[in-house]
Amino acid sequence: MGLNQESSEEQKKQNQNSSLGKQLPNHQVGDLGIDKQFLTAPIKSAVDKFQLLPEFLKVRGLVKQHLDSFNYFVRTEIKKIVRANNRIVASKHPNIYLRFKDVRIDKPSMMVDGTDAEVSPHYCRVSDLTYAAPIKVSIEYIQVSHGETSKKEKNDVVIGRIPIMLRSCRCILYGKDEAELAKLGECPLDPGGYFIIKGTEKVILIQEQLSKNRIIIDTDKNGNINASVTSSTEATKSKTVILMKKEKIWLQLNQFPKEVPIMVVMKAMGMESDQEVVQMLGRDPRYGSLLLPSIEECAKNSIYTQQQALDYLETKVKKSSYTSDSSEKGDRALSVLREVFLANVPVRQNNFRPKCIYVAVMIRRMMDAILNKDAMDDKDYVGNKRLELSGQLLALLFEDLFKTMIDDAKRGIDKNLEKPSRGSRFDFPYYISRDTITVGLERALSTGNWDVKRFKMHRTGMTQVLQRLSFIATMGHVTRVDPHFKKSMKVSGPRALQPSQWGMLCPCDTPEGAHCGLVKNLALMTHVTTDEEEGPLISLCYSLGVEDLELLSGEELHTPDSFLVIFNGVILGKHRRPQRFATAMRKLRRAGKIGEFVSVFVNEKQHCVYIASDGGRVCRPLVIADKGISRVKEHHMKELVDGVRKFDDFLRDGLIEYLDVNEENNSLIALYDGNATPETTHIEIEPFTILGVIAGLIPYPHHNQSPRNTYQCAMGKQAMGNIAYNQLKRMDTLLYLLVYPQRPLLTTRTIELVGYDKLGAGQNATVAVMSYSGYDIEDAIVMNKSSLDRGFGRCIVLKKFTAIKQKYENNTSDRILRPDRTGENAGRMQILDDDGLASPGEIIRANDIYINKQSPINTRRSIGSSAASLPDNAYRPSIQTFKGEGDNWVVDRVVLSSDKNTNLCFKFVMRHTRRPEIGDKFSSRHGQKGVCGTIIQQEDFPFSERGICPDLIMNPHGFPSRMTVGKMIELLGGKAGVSCGRFHYGSAFGEPSGHADKVECISETLVKHGFSYNGKDFIYSGITGCPLQAYIFMGPIYYQRLKHMVLDKMHARGNGPRVMLTRQPTEGRSRNGGLRVGEMERDCLIAYGASMLIFERLMLSSDQFQVQVCRECGLLGYYNHKLKTGICSLCKNGDSISTLSLPYACKLLIQELQSMNIVPRLKLAEA
Amino acid sequence: MEGMSYARTPRVKIRELKDDYAKFELRDTDASIANALRRVMIAEVPTIAIDLVEIEVNSSVLNDEFIAHRLGLIPLTSERAMAMRFSRDCDACDGDGQCEFCSVEFHLRAKCISDQTLDVTSKDLYSPDHTVVPVDFSDPSGEESSEQRGIIIVKLRRGQELRLRAIARKGIGKDHAKWSPAATVTFMYEPDIHINEDLMETLTLEEKRTWVESSPTRVFDIDANTHQVLVVDPEAYTYDDEVIKKAEAMGKPGLVEISAKQDSFIFTVESTGAIKASQLVLNAIEILKQKLDAVRLSEDTVEADDQFGELGAHMRGG
């Protein structure tokens, strides 16, 4: 390692030298230690900030978003929720109550014989448990015993269990080091951030949605410009739309079935004077003229006063079928305006003024957009997006369940108190059921269905089973961002790459096909914020000179120098010197006086200052620069390397700060120190962090054609390799492992940061780029048999089979029997131990029995005698046989555990070692997949005079159209790497900062070791011994073996099963189905005139059937076996019956039509 | 070149000979013979390698097939291999069993009882036959090195155990690479380098130096005294054409003429240690002879016609 570092330093020096100019090729520093040229060179204070990254990831981990969000929920949010609903009061006896004083979440545990026992995540995975912790509350309640009430207190009352996110602050893995993790059976490289529900690992995908409580200016499908706000408060959720239609301005709200004129609404909220409304919009006559038709409309309806407006609105309010009280009727419009309309703007003591101003601002923004199309908002802009994380989603669910639990308890109490002859003692906690929360959370997490009645939320597919195909697939899965709304197919906007994604979302990693561009992945350094306390920030704003809204007239609001200060979507007031205000806020943030994730954004165009502290914003760290000079200096980095300084110290000392997408617009960010100008405010930490974890594996991605990187992102997840350190202890249903995984010769910084070098998924193959044998067309690759013999591409497939010893309602249960060593099944039971289970290490063949199980025939009716004394004939065998392709499957492990219903559960893991065969799929890290076309003996393979013989031959036609130059550089770098013994780097955009080796340097190394600078070798044909006509580009490339293997796919059928209904051959490999001659194939045969072949394929080999047809009536008859004639059931005779063969499906059709009162008649003619 | 390749009087000159390494020149023959020799060395010289593993106890981290594969790849000393029988045509046993003529039995018993990781290496493979043992890479001088401890098969932790029986058999590299005795077998054509001295003299010393340095390998050098360009090591030339391109770039095409001698080859043979490199070459020649004998014998017989069909008559006629 030390050596490695040394050489990398040398490399850096080399890079520096070459950047200084060509006059310094390997210039040795003179004996005096002074190099004049070096001294005179301009000083570029290129501080290597890379070290910040590992430090950043050390404190954060790769899934910090999930963990932070969950931690916030567990620490803060859950307390808030409980505090907001902390009382259960009996409705008839207000003095009988229960109060929740405090809530906390304990360590994860499980119930063993009524007591809590601590569990480890690994234990849960293996034995199908939920990794959950009890929610404990302290309560204070009134106990009634014999008519006397007394106040009681109780601590640690369990109200339910909540699944715990792995590696969160409540997880037992929190803060554990590698050795401790190993003891718990956990992989130290596992990122966490997921849950274990009934033994399966579940991730809550990051949900992407439009910001709540923000004004969005957009056009609807009719081309009308509108301003919409999706309000979301603890109590309600609503969507308010103000739109311009037919030159008038209307309000759209769910509570009003039809649009209502906005002027009426303004009047209803107490802004009776038209002049005031116009003033609020601003002096500009253009605004006034746009508003005029609306004002006129209002006057036409003769609405002048608040009461008139309210009466008008009353007629428009939706008639709800279950109006609670008719007396309330008069106030309905007002209450809608108060509670639903722009719910995020609070109304205190019926003061509607803030709402009026808010409406005015909305109209003004909308009018801006009408006058100037640039003022439209972009819905796809990342700054208008919020990411919802597991903590928020769980909070939503928990709140609902908690309220349901309280309601249930209340109902139970009321019922009990109503009873005249109730028990002497009345114990409050008895009515709190634990199951509501436990079951509710567990069900939501395992099905992924989020049903929150209060918000009419019905979302599906929120959770997914964590992909464990490869380590990288897991990493990719926990950083995935899913759009929760269904985007229409037509618009391309949401799918396009947004400039504001820079550094926040990976530009490469998105799937192909239907979800292209919608499903995204987080970039390496992205952080997603959690909510922050609003109160102190608001008062801070006021003390920094924000003039309160209440004190301002409409006129004052829009003076040219005034900027509105908007905090989390609520207008606080105005400020005359926005820049000064923003700088002050930022200074406080950098000093750590306010949260580091608070964003301050001055929008010059809208004359607004936006301050945001809400959760779900994406942000990333950047180095602060003063007048273009980076605050991070050499000595800071040295302190970091020495371990004196941590990443958090950088934050605390104001060297680094987090910027969200909006605030990025107020800053000028330089890529490197060198490009900074005096206007520069920030400097990037490392450019390659714009990519995500998966795209970070690609060496030299910036030299590739962009779709290639996207393809690799999809393929990297299918590569076999190591999954985790605990891979052999885990019980995955299907696991693909590589026998000899390697670390890539050409690495990137991301690979090291993520740990791909420890859990690799591929091998460094020596690749010759040449054509060979013709079995290499269409991206097929030619493989060296000796390489395969020596273990290249060899893989282990592990499959899990489960058997359950079921218990039945009549107290009987399945039983496992000692195998019968002599009976008819003895041959198939060879591998069974005396306990009736397959023995580990035995070779298992197809149709071998791996568990000798019997089930009772009668499982319903209760049996008189005890279950144990059931006679043998009361059981029927329910053996399980092994169905596996290929030879030499081996029983790897047998695990006994209990399942969800406490039945005994047997898990068998079968193992199969496979070497690559023709048709297996391989891929390099550049989106270049190919199947193995042929396998050729080593002596026939080309060789160089050094004796190098490739493992794999790739056809050069793979290059011109794909333009994967990165792959070529990888080959060069790999070759240089093996010859000089140092891992070379190919981080994205890494050449200027020394995180990617330059081709010139690589070539130099190659030449030093006697290779040609261009990586081509002089090669002899292995067949003839003659030199090849061309120099061959040859060197090591990291190849991945993908999970698609012919053994799992190959399929052919002669005779086989048929579908019951149509009597045609079944479909699909798993059902041993036939291969269909489809429409297009049929067309070809028709065109060719191969009528006999069509006849054979479509009838004889499919569903030929003999029918009796009556020539008289043309209907189908039947064959009477007694009389040995066909009989027509309509004509009641067998005189004119012919036998005809036709497809069974045709006969079926005829009969089905008959059942629908349609008579198809077959008219037979002499052939 | 004319007729030379048909002279069939190859000469061999040994340049360097170590136990596991040999370098020799093969002259006065053509590529077909040289390549045939190379191919036979890689694929058809028999050695002994573990072919059948019976695992009694395996509580190590690696699974049975994994260990069996690793065992197979361990080179075993195979001087006896030429004299042994292939197990498939062994008369003494019925072809699949084991007997002294076709197989060697190995035992391995290892259990870790200390807290330190135990390396199970090829040295732990015990065979009753001292002529067939895992190859010992250790230096005779007896210096302690990592190679001293043999090839690692698996590492054991406290309590883990590995017990197995393995049968080694004779085989050839064509069947599986584990039977290949050759680590590297390669040859090159001897280059024939002619410097056009007259043209060379037109170059300045500086030009000469840049020209000499343009070769990635050190083929040429400049005589310190006479400033003449000399060919120091023609075999270092990798047919990379760099010097020719350089000469063209300097405006002096034809400065040097390089061609490959079609009838002389420089062989490099590295053995896995199963047999000595010298023995490997000799065995290869022996096998090549046997193969040629098979062709010659069938040439005389009438059955050859049946064997080769139409080709048989064609071969004799042609």
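Every chain is numbered from 1, with letters handed out A, B, ... down the list of sequences.
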* For Glu242(B), is it the side chain, the backbone, both or neither that has a heavy atom under 4.5 Å from a heavy atom of chain A? -> side chain
* chain B heavy atoms under 4.5 Å from Arg946(A): which part of the residue, side chain, backbone, both or neither? -> backbone
* Asked: Is it the side chain or the backbone of Asp241(B) that comes within 4.5 Å of chain A heavy atoms, both, or neither?
  -> both
* Measure the spacing between CZ of Arg38(B) and OH of Tyr1020(A) and express it to the nearest 0.5 Å. => 11.0 Å
* Does atom CD of Glu257(B) have more than 12 heavy-atom neighbours from other groups under 6.0 Å away? -> no
* Check the surroundings of atom CZ in Arg157(B): do more than 12 heavy atoms from other residues, nucleotides or ligands lie under 6.0 Å from it? => no
* Mind checking the CG-CZ spacing from Asp64(B) to Arg911(A)? Nearest 0.5 Å is all I need. => 5.5 Å
* Asked: So, for Tyr1031(A) and Tyr239(B), is the gap between ring centers shorter than 6.0 Å?
  -> no
* To do: Using non-hydrogen atoms and a 4.5 Å limit, figure out which bit of Ser787(A) sits close to chain B: side chain, backbone, both or neither.
  => neither
* **Contact winner vs chain A - Met188(B), Lys178(B), His176(B), heavy-atom pairs under 4.5 Å** => His176(B)
* Over 12 foreign heavy atoms within 6.0 Å of NZ, Lys907(A) -> yes
* Structure fact -> Under 4.5 Å to a heavy atom of chain B? For Ile796(A) that would be side chain
* When rounded to the nearest 0.5 angstrom, what distance separates CD1 in Ile1023(A) from CZ in Arg39(B)? -> 7.0 Å
* Structure fact -> If one checks every heavy atom of Tyr189(B) against chain A at 4.5 Å, the contacting part turns out to be both
* **Enclosure of Lys245(B) NZ (heavy-atom neighbours >12, cutoff 6.0 Å)** => yes
* Main-chain N/O of Pro216(B) paired to Tyr1013(A) side chain as donor or acceptor, under 3.5 Å -> no
* Would you find more than 12 non-hydrogen atoms of other residues, nucleotides or ligands less than 6.0 Å from Lys800(A) atom NZ? -> yes
* Tell me, yes or no, whether the heavy-atom count around Lys18(B) atom NZ, taken from other residues, nucleotides or ligands under 6.0 Å, exceeds 12. => no
* To do: May I ask you to decide if Asp1017(A)'s main-chain N or O and Thr238(B)'s side chain share a donor-acceptor pair within less than 3.5 Å?
  => no
* Kindly compute the distance separating NE2 (His69(B)) from CZ (Arg915(A)), expressed to the nearest 0.5 Å. => 8.0 Å
* Structure fact -> Scanning both residues in full, the closest heavy-atom pair of Gly173(B) with Gln937(A) reads O-OE1, 4.4 Å
* Is there a side-chain contact between Asn63(B) and Val890(A), using heavy atoms and a 4.5 Å cut-off? -> no
* Structure fact -> Between the CG atom in Asn35(B) and the CD atom in Glu939(A), the distance rounded to the nearest 0.5 Å is 10.0 Å
* Would you check if Thr913(A) and Phe66(B) make a side-chain contact, meaning some heavy-atom pair closer than 4.5 Å? => no
* Structural part of Thr186(B) lying under 4.5 Å from a heavy atom of chain A -> both
* To do: Kindly compute the distance separating CD (Glu945(A)) from OH (Tyr237(B)), expressed to the nearest 0.5 Å.
  => 10.0 Å
* Structure fact -> Between Leu728(A) and Val61(B), the two heavy atoms sitting closest are CD1-O, 3.8 Å
* Under the 3.5 angstrom rule, does the side chain of Lys785(A) hit a backbone N or O of Lys174(B) as a donor-acceptor pair? -> yes
